[in-house]
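Working notes for the structure below.
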Amino acid sequence: MEEKVFYITTPIYYVNDVPHIGNAYTTMVADIVARFQRLLGREVLFATGTDEHAIKVAEAAEAEGIDPKTFVDRIAPKFKEVWKELEISYDDFIRTPEPRHVRVVQEAFRRLRDSGDIYRGVYEGWYCVPDETFFRESEVTDGLCPNPECRRPVQWVQEETYYFRLSAYQDRLLQWIESNPGCLQPEFRKNEVVSFIKHGLQDISVSRANRGWGIPVPDEPDKVIYVWFDALLNYITVAGWLSDEEKFHRTWPADLQLMGKDIFVRFHSTFWPAMLMGLGIQPPRVLFGHGFWSVEGEKISKSRGNAISPAKLAEDLASRSGAKREVAVDAIRYFMVREVPFGVDADFSRSALVHRFNSDLANDLGNLLNRTLSMVGSYFDGVVPKPAGVAEEIKSEVLSAVAECETALSSLEFARGLEAIWRAVSAGNRFVDERAPWRLMKEGKREEAATVLYSVLETARIVAITLSPVMPSAAREIWRQIGSPGDFESVGWAAALEWGVLPSGIMTAGPQPIFPRIEERKREPKAEAGAESPVGAGFAIPPQQAPEETKPEAEEPVISYDEFKKLDIRVAEIKSAEQVAGTDKLLQLTVDPGDGERTIVAGIAQWYEPEKLLGKKIVLLANLQPAKIRGVESRGMLLAADVDGRAIILTPDEDVPSGAKVR
RNA sequence: GGCGGAGUAGCUCAGUGGUUAGAGCACGCGGCUCAUACCCGCGGAGUCGUCGGUUCGAGUCCGACCUCCGCUACCA
């Protein structure tokens with residue numbers, strides 16, 4: 001008997017949405033799972049695709065004066081391009097207009113109609129064309145679509161339509177959920193589904209008037225099939241339903257269907273399994289509704305213009321760090337599954353990405369490889385040394401990390417899996433530190449040094465394997481640099497469970513930093529972490545406004561310690577001072593806050609003479625947004641006591657060096 | 001309004017009723033010098049949201065309340 005194929009799906013995406021960080025996330029996660037399963041030796045079918053029959057699509061085409069098919073034929077390939085850039089290893093890419101799919105949809109419709117699950121009725125009420133959604137009379141109060149994202153005018157329609165008897169599946173759905181623990185994940189979203197179903201399910205309209213785009217209802221060409229009915233069925237089209245029964249038998253039910261939380265409850269956890277039940281097909285094994293990404297704390301929306309393109313983001317990251325483009329893609333994949341537990345909402349911020357990149361990838365992993373290969377180069381001519389024995393302590397740490405990683409990845413706990421890998425990385429760094437091969441070499445203990453370095457290379461080999469589902473290119477590069485022979489693509493997870501596989505005597509490729517550190521600002525690394533840099537600091541994330549400033553605060557505002565930490569206040573020496581031409585209050589000062597001279601403008605001319613200020617130590621707010629005052633750029637603010645409008649400069653109680661931090 | 005979840009270190013979070021509540025990051029100090037100014041070690045005055053209860057013992061169980069979030073319903 002042939003083994004079940006591991007079948008994993010993403011939703012199929014609307015073709016009028018270019019992939020952004022949100023829907024790329026679903027696809028990246030699916031890719032990670034697919035690669036992991038292949039690594040474990042499973043045959044995998046990983047499917048994604050495009051949903052092209054929406055009325056929105058037809059309208060967008062019309063707006064450009066072309067027919068819908070031409071329109072989608074132009075857009076759909078762009079998805080493939082983006083997925084390729086993001087290293088998405090899909091096996092099948094389905095487009096809903098494909099004949100194999102049209103046939104499935106029509107046949108499913110016909111069968112459900114024959115069995116009575118789809119019946120003819122009349123719909124009367126409000127209809128929102130762009131949303132393709134019907135609303136009850138009570139829901140529409142002002143003639144506008146009740147969907148707050150939409151709010152466009154609705155139409156009163158009265159038409160014959162087909163309904164799917166969703167209401168009949170209430171008990172069967174609840175029973176399915178109850179008797180299949182884990183079929184709806186995460187758990188807290190399962191509860192939402194149960195609660196939704198228990199409130200009562202209404203039959204759902206599954207046809208629309210034919211406006212020249214969509215899959216026609218069998219025998220009734222004046223109607224087309226509702227896009228969700230159409231779209232959901234893609235999952236069984238790909239699996240071979242009606243076209244390849246043998247394949248379908250090996251593939252269905254899907255092992256994992258991933259999607260965002262927005263389409264989890266109503267569509268994937270309710271309508272979809274009910275449709276399958278009506279067709280006599282098993283529901284999928286696991287449906288997973290993950291959380292949403294915000295960007296710099298704000299909801300992703302086209303109108304805000306913060307729907308960042310992951311490909312563009314990778315390009316920017318690459319250019320800022322000097323990493324190869326595919327490594328930058330890997331870094332983004334890493335960030336998105338490492339930053340938060342899978343399932344919950346998360347925020348994508350530039351500073352968090354840079355932080356992860358520098359500390360996890362560059363410092364911990366990259367540098368481990370770099371320092372090791374560098375020593376192998378200088379002590380052993382770049383040849384993998386022969387160990388004198390097995391270093392049990394690091395071996396056991398690494399192998400237990402692998403075991404935990406496997407458990408975690410199997411249960412979709414990616415962050416935990418990566419934490420486990422990083423424990424192996426840390427073990428490597430600690431081992432190098434404790435054994436200090438540079439000291440061993442000085443003491444002439446060459447064999448011991450060989451054992452240490454070999455052990456770390458072995459750690460790197462194992463890390464490369466376990467990391468490869470998340471970071472395929474970086475993993476391949478690690479593999480190459482340590483000189484590991486053989487085709488990396490054909491290595492399996494089992495090779496990570498064994499210690500001592502890397503052959504001695506082979507040449508390494510020498511250290512070439514895979515993740516070059518991103519040096520953001522040379523002189524103020526501390527303030528950088530939390531601060532939002534106001535001026536174009538790279539990355540395609542638009543600068544944010546500061547909304548908290550606009551709220552009127554009647555009471556004395558309180559700031560958190562965190563906010564205080566953002567202030568970079570330092571002692572600075574005044575090097576020169578002169579009146580700003582044409583003003584009577586402003587002095588232009590050259591000050592040295594410890595990192596070189598800079599110019600600031602201060603409104604103290606009425607009380608201080610320029611000559612007397614020379615050499616004086618003042619207190620400077622150094623990271624105030626630069627401003628041009630009377631044509632002079634001021635990069636900082638002198639702090640002074642305000643006594644009835646008069647400024648009194650603050651100076652240190654004792655002489656302190658320029659640059660001393662004030663806190 | 002109903003249902004559900006969350007509230008633990010500066011931040012993000014772990015934490016089967018059982019000694020002095022943990023991890024990572026950040027911060028501070030020390031060490032090392034192979035390495036991408038990296039890495040390693042050490043450190044912490046936490047009302048475990050509030051109040052009450054059960055218990056020999058509660059971050060953990062129960063009740064009430066406060067705050068935030070999600071889903072759902074907006075029907076007297």
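Convention: sequence-line order gives letters A, B, ...; per-chain numbering from 1.
- Exactly one of A:P283, A:P273, A:S269, A:P284 qualifies for a side chain to side chain contact (heavy atoms under 4.5 Å, CB included) with A:L184. That residue is A:S269.
- Rounded to a whole angstrom, the distance from the P atom of B:C34 to that of B:U47 is 45 Å.
- Taking a pair to require two hydrogen-bonding distances under 3.5 Å in either a Watson-Crick or a G-U wobble arrangement, B:C74 remains unpaired.
- Using atom P as the reference point in both B:G59 and B:U50, the two lie 11 Å apart (nearest Å).
- Straight-line distance from the CZ atom of A:F335 to the P atom of B:G24: 20 Å, rounded to whole Å.
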Report the C-alpha separation of A:E187 and A:K190 in whole Å, then their side-chain angles, then the decisive distance to 0.1 Å, and conclude whether the salt bridge (Lys or Arg N to Asp or Glu O under 4.0 Å) test is met. CA-CA 5 Å; A:E187 188 75 11; A:K190 181 192 92 172; 3.3 Å; yes

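- Rounded to whole Å, atom P of B:G2 lies 18 Å from atom NZ of A:K198.
- Rounded to a whole angstrom, the distance from the C1' atom of B:C32 to that of B:G41 is 10 Å.
- Using a 4.5 Å cut-off on side-chain heavy atoms (C-beta onward), A:P513 and A:N370 make contact.
- Base pairing analysis places B:C48 opposite nothing; no Watson-Crick or G-U wobble pair with both distances below 3.5 Å involves it.
- Ring geometry, A:F335 versus A:W293: the interplanar angle falls from 30° to 60°, so the pair is classed tilted.
- Which of B:C38, B:C40, B:A35 sits closest to the side chain of A:R517 comes down to B:C38.
- Qualifying side-chain contact (heavy atoms from CB on, under 4.5 Å) partners for A:S294, counting only residues two or more places apart in sequence or in other chains: A:D347.
- Taking the C1' atom of each, B:G70 and B:U36 are spaced 43 Å apart, rounded to whole Å.
- Spacing of C1' atoms, B:C51 relative to B:G7, comes out at 16 Å, to the nearest Å.
- Phosphate proximity of B:U36 to A:N370: present, with a side-chain N or O under 4.0 Å from OP1 or OP2.
- With rounding to whole Å, A:I514 atom CD1 is found 16 Å from B:C38 atom C1'.
- Ionic pairing of A:E326 and A:K324 is not present here: no N-O contact between side-chain nitrogen and carboxylate oxygen is shorter than 4.0 angstrom.
- Across all strands shown, B:G22 forms a Watson-Crick or G-U wobble pair, both distances under 3.5 Å, with B:C13.
- Protein atom CD of A:E339 is 16 Å distant from nucleotide atom P of B:G24, rounded to whole Å.
- A straight line from CD1 of A:I482 to P of B:A35 spans 20 Å, rounded to a whole angstrom.
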Please lay out, stage by stage, how A:R435 and A:E393 fare under the test salt bridge (Lys or Arg N to Asp or Glu O under 4.0 Å). CA-CA 12 Å; A:R435 300 305 187 88; A:E393 61 271 50; 2.3 Å; yes

Working note: A:I506 + A:T508, criterion side chain to side chain contact (heavy atoms under 4.5 Å, CB included); need CA distance, chi angles, decisive distance, verdict. CA-CA 7 Å; A:I506 54 167; A:T508 61; 6.0 Å; no

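- Sorted by residue number, the members of residues 428-457 of chain A with any non-hydrogen atom under 4.0 Å from RNA chain B read A:N429, A:R430, A:D433, A:W438.
- The gap from the P atom of B:C13 to that of B:G18 amounts to 25 Å, rounded to the nearest Å.
- Mapping A:V340 and A:S378 onto RNA chain B by nearest heavy atom places A:V340 closer to the 5' end of the strand.
- Across all strands shown, B:A35 forms no Watson-Crick or G-U wobble pair with both key distances under 3.5 Å.
- Comparing the same atom, C1', in B:A9 and in B:C48 gives a spacing of 10 Å after rounding to whole Å.
- You'll find that the side chain of A:H355 is closest to B:A26, out of B:A35, B:G4, B:A26.
- Positionally, the nearest nucleotide of RNA chain B for A:P516 lies more toward the 5' end than for the other of A:P516 and A:N363.
- Salt-bridge check for A:R320 with A:E519: failed, with every basic side-chain N at 4.0 Å or more from each acidic carboxylate O.
- The CZ-P distance, from A:R356 to B:U12, rounds to 13 Å in whole Å.
- Look at CG on A:D364: it is 15 Å from C1' on B:A26, rounded to the nearest Å.
- A:R416 places its CZ atom 21 Å from the P atom of B:G22, with the value rounded to the nearest Å.
- Atom name P, nucleotides B:A64 and B:C3: the rounded distance is 11 Å, in whole Å.
- Salt bridge A:R480/A:E477: present, at least one basic N to carboxylate O contact under 4.0 Å.
- With a 3.5 Å ceiling on both atom-pair distances, the Watson-Crick or G-U wobble partner of B:U67 is B:A6.
- Backbone-only engagement by A:Y379 is indicated by non-hydrogen atom pairs under 4.0 Å involving sugar-phosphate atoms exclusively.
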Using a cutoff of under 3.5 Å, can you pull out all pairs of nitrogen or oxygen atoms linking the protein to nucleotides 70-73 of chain B, with atom names and distances?
residue, atom, partner, partner atom, Å
B:G70, O2', A:E192, OE2, 2.7
B:U72, OP1, A:R266, NE, 3.4
B:U72, OP1, A:R266, NH2, 3.1

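- Between A:E397 and A:R423 there is no salt bridge, since no side-chain N of the basic residue sits under 4.0 Å from a carboxylate O of the acidic one.
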